[in-house]
Amino acid sequence: MTKVLKKLFGGLNLTWPKIIIAAVICGVYTGVMAILPFTKDTSFRDITTTFECWVLFGILIIVNSKSPWDSALKTFVFFLISQPLVYLVQVPFYEEGWKIFIYYPPWFYWTLLTFPMALVGYFMKKDKWWGLLILAPMLVFVGYHFFSYFGEAVHFFPQHLLTSIFCAVTMILYPLFIFNDRRIRVAGLILSLIILLAAAAGAILDSRSHTYDTSLLVSGGEATGIEYDESYKVYLEDESFGTVWIEYEEGIECCIIKASFTKTGDTGLVLESPTGEKTFYDLTVERTSYEVHRRGP
């Protein structure tokens with residue numbers, strides 16, 4: 001395994017045809033992950049929205065390049081090909097067709113930035129202490145992704161668990177296999193571990209950022225089936241899913257059942273009148289959506 005990783009981080013012969021083929025494969029794969037329904041809210045779709053995998057691709061190109069300009073040009077071309085392909089693959093499946101490219105500009109700006117970043121990044125290969133300073137922002141960047149996804153895995157387990165593991169593993173591998181100097185490798189490993197521990201602690205404590213807040217049922221609405229007011233009680237059959245409450249909305253002059261969910265799955269919602277009459281609903285909670293249906297007649 002060590003030999004394989006050493007070859008991966010500096011022993012590959014990345015010719016231009018290989019760069020182009022890799023860019024096409026990565027772009028098409030990412031586009032497919034964005035289309036497949038079963039990848040929704042899973043680690044397999046994370047590559048379509050965040051950078052942890054793309055950081056790895058960029059670093060592999062950098063450490064296997066032959067010169068600073070080779071590094072910059074190959075990294076730039078890789079992203080220039082792969083990122084538009086992500087959206088091109090989705091065009092036939094997107095309701096508004098080519099309009100999906102409105103989401104591409106931010107990735108194009110990042111593509112432009114890859115040129116100077118890869119140009120500077122090449123000097124990590126010099127195995128000097130300042131090489132770690134070049135790598136450090138990338139470690140912090142991936143560490144931020146770890147914070148986000150580890151928090152999701154903790155509070156909505158097991159969603160995004162694979163991505164959080166991927167972030168942690170790559171953060172450890174980067175200093176260990178980019179550098180040869182033992183002191184730099186140890187310093188880099190310590191830096192990665194500090195970032196990971198701080199991010200993990202923050203993700204566990206920051207439960208508020210990892211909730212799904214939404215409105216469920218409107219009084220008198222078709223899905224609700226009954227009219228209710230603030231004198232009613234509402235609660236979940238399994239309180240571990242989060243909290244629900246009734247709130248009067250001035251704008252529509254109506255009561256709405258609001259929710260703050262902390263996990264996904266199936267549970268029940270109970271709406272209880274002041275006289276004790278109960279109406280039951282079956283509730284399915286996903287990470288960013290829900291389904292609620294009145295139970296029984």
Side-chain angles (χ1 to χ4, degrees), residues 1-16 18-23 25-27 29-30 43 46-83 86 107 109-146 149 162-181 184-193 195-196 199:
M1 179 61 73
T2 300
K3 288 183 179 180
V4 172
L5 289 171
K6 283 185 177 180
K7 184 174 179 60
L8 195 63
F9 283 89
L12 299 178
N13 179 25
L14 291 185
T15 61
W16 276 106
K18 290 179 181 178
I19 289 292
I20 294 170
I21 292 171
I25 292 173
C26 290
Y29 170 82
T30 303
S43 295
D46 293 338
I47 191 174
T48 68
T49 55
T50 49
F51 294 88
E52 60 286 337
C53 289
W54 300 104
V55 170
L56 174 63
F57 300 152
I59 286 179
L60 291 180
I61 295 171
I62 290 169
V63 298
N64 286 287
S65 297
K66 295 178 174 60
S67 70
W69 291 106
D70 188 52
S71 172
L73 287 169
K74 285 179 177 176
T75 304
F76 175 72
V77 170
F78 173 84
F79 281 87
L80 190 64
I81 294 173
S82 62
Q83 297 311 305
V86 173
W107 287 95
Y109 300 143
W110 277 105
T111 297
L112 295 177
L113 289 173
T114 63
F115 190 92
M117 288 191 294
L119 188 70
V120 174
Y122 174 83
F123 291 95
M124 291 187 296
K125 295 182 66 173
K126 299 297 183 181
D127 211 31
K128 302 295 184 180
W129 65 267
W130 35 263
L132 184 56
L133 296 181
I134 297 173
L135 178 64
M138 288 295 99
L139 294 178
V140 173
F141 191 45
V142 179
Y144 174 76
H145 286 64
F146 173 77
Y149 285 123
L162 291 178
T163 301
S164 60
I165 293 173
F166 178 88
C167 290
V169 170
T170 54
M171 285 178 64
I172 291 171
L173 291 180
Y174 292 149
L176 291 181
F177 288 93
I178 290 175
F179 305 110
N180 293 313
D181 187 293
I184 301 175
R185 295 170 67 196
V186 171
L189 178 60
I190 291 173
L191 177 60
S192 291
L193 291 175
I195 294 171
L196 286 170

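Worth knowing before you read on, the calculation uses all heavy atoms, side chains too, and leaves out hydrogens, waters and symmetry mates.
The shortest heavy-atom contact between Ser82 and Ala23 is CB-O, 3.4 Å. Of all heavy-atom pairs between Trp107 and Thr50, the closest is CH2-O, 3.9 Å. Of all non-hydrogen atoms in Thr111 and Gln83, the two that sit nearest each other are OG1-CG, 4.1 Å. Counting all heavy atoms, side chain and backbone alike, Asn180 lies closest to Arg185 at O-CD, 3.7 Å. In terms of heavy atoms, Asn13 sits closest to Lys18 at O-NZ, 3.0 Å. For Ala136 against Leu191, the heavy-atom pair with the smallest separation is CB-CD2, 4.0 Å.
In this structure, OG1 on Thr49 lies 8.0 Å from NE2 on His145, to the nearest 0.5 angstrom. Note that CD1 of Ile62 and CE of Met117 are 8.0 Å apart. Values are rounded to the nearest 0.5 Å. Distance check: Cys167 SG to Ile165 CD1 gives 10.5 Å after rounding to the nearest 0.5 Å. Taking CD1 from Ile195 and CD1 from Ile190, the interatomic distance works out to 12.0 Å, rounded to the nearest 0.5 Å. The CE atom of Met124 lies 4.5 Å from the CD1 atom of Ile178; values are rounded to the nearest 0.5 Å. Interatomic distance, CD1 of Ile47 versus OG1 of Thr30, reported as 3.5 Å (0.5 Å rounding).
Applying the salt bridge (Lys or Arg N to Asp or Glu O under 4.0 Å) test to residues at least two apart or on different chains, none of the pairs has a partner in residues 123-133. Sorted by first and then second residue, the salt bridge (Lys or Arg N to Asp or Glu O under 4.0 Å) pairs involving residues 53-80 (not counting sequence neighbours) are Asp70-Lys74.
Aromatic ring pairs are classed by plane angle as parallel below 30°, tilted from 30° to 60° and perpendicular above 60°; the pair Trp54 and Phe57 is perpendicular.
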One pair to check against side-chain contact (heavy atoms from CB on, under 4.5 Å): Phe177 and Leu8. What are the steps and the verdict?
CA-CA 9 Å; Phe177 288 93; Leu8 195 63; over 6 Å; no

Could you go through Phe146 and Thr163, starting from their C-alpha distance and side-chain angles, then the distance that decides it, and tell me whether this counts as side-chain contact (heavy atoms from CB on, under 4.5 Å)?
CA-CA 8 Å; Phe146 173 77; Thr163 301; over 6 Å; no

Using side-chain contact (heavy atoms from CB on, under 4.5 Å), reason through Thr170 and Ile59 one step at a time and then give a plain yes or no.
CA-CA 11 Å; Thr170 54; Ile59 286 179; over 6 Å; no

When you look at Cys53 and Phe166, which way does the side-chain contact (heavy atoms from CB on, under 4.5 Å) test go after all the steps?
CA-CA 8 Å; Cys53 289; Phe166 178 88; 4.0 Å; yes

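Aromatic rings from Phe51 and Trp110 are positioned such that their centres are separated by under 6.0 Å.
Tyr174 places a side-chain heavy atom less than 4.5 Å from the side chain of Leu135. Between Leu139 and Tyr144 there is no side-chain heavy-atom pair separated by less than 4.5 Å.
Counting only N and O atoms by type, the side chains of Ser43 and Tyr149 include no donor and acceptor under 3.5 Å apart.
No more than 12 heavy atoms of other residues, nucleotides or ligands shown are found within 6.0 angstrom of CH2 on Trp69.
Residues meeting the side chain to side chain contact (heavy atoms under 4.5 Å, CB included) test with Ile172, sequence neighbours left out: Leu176, Leu189, Leu193, Leu196. Every residue was checked against the ring pair (Phe, Tyr, Trp, His ring centres under 6.0 Å) condition with Tyr122, not counting sequence neighbours, and none meets it. Applying the side chain to side chain contact (heavy atoms under 4.5 Å, CB included) rule to Leu14 yields the partners Leu12, Ile19, Ile61, Asn64; only residues at least two apart in sequence or on another chain are considered. In terms of the ring pair (Phe, Tyr, Trp, His ring centres under 6.0 Å) criterion, Phe123 has no residue partners (sequence neighbours excluded).
A donor-acceptor distance shorter than 3.5 angstrom exists from the side chain of Ser192 to the backbone of Met171, with no hydrogens or angles considered.
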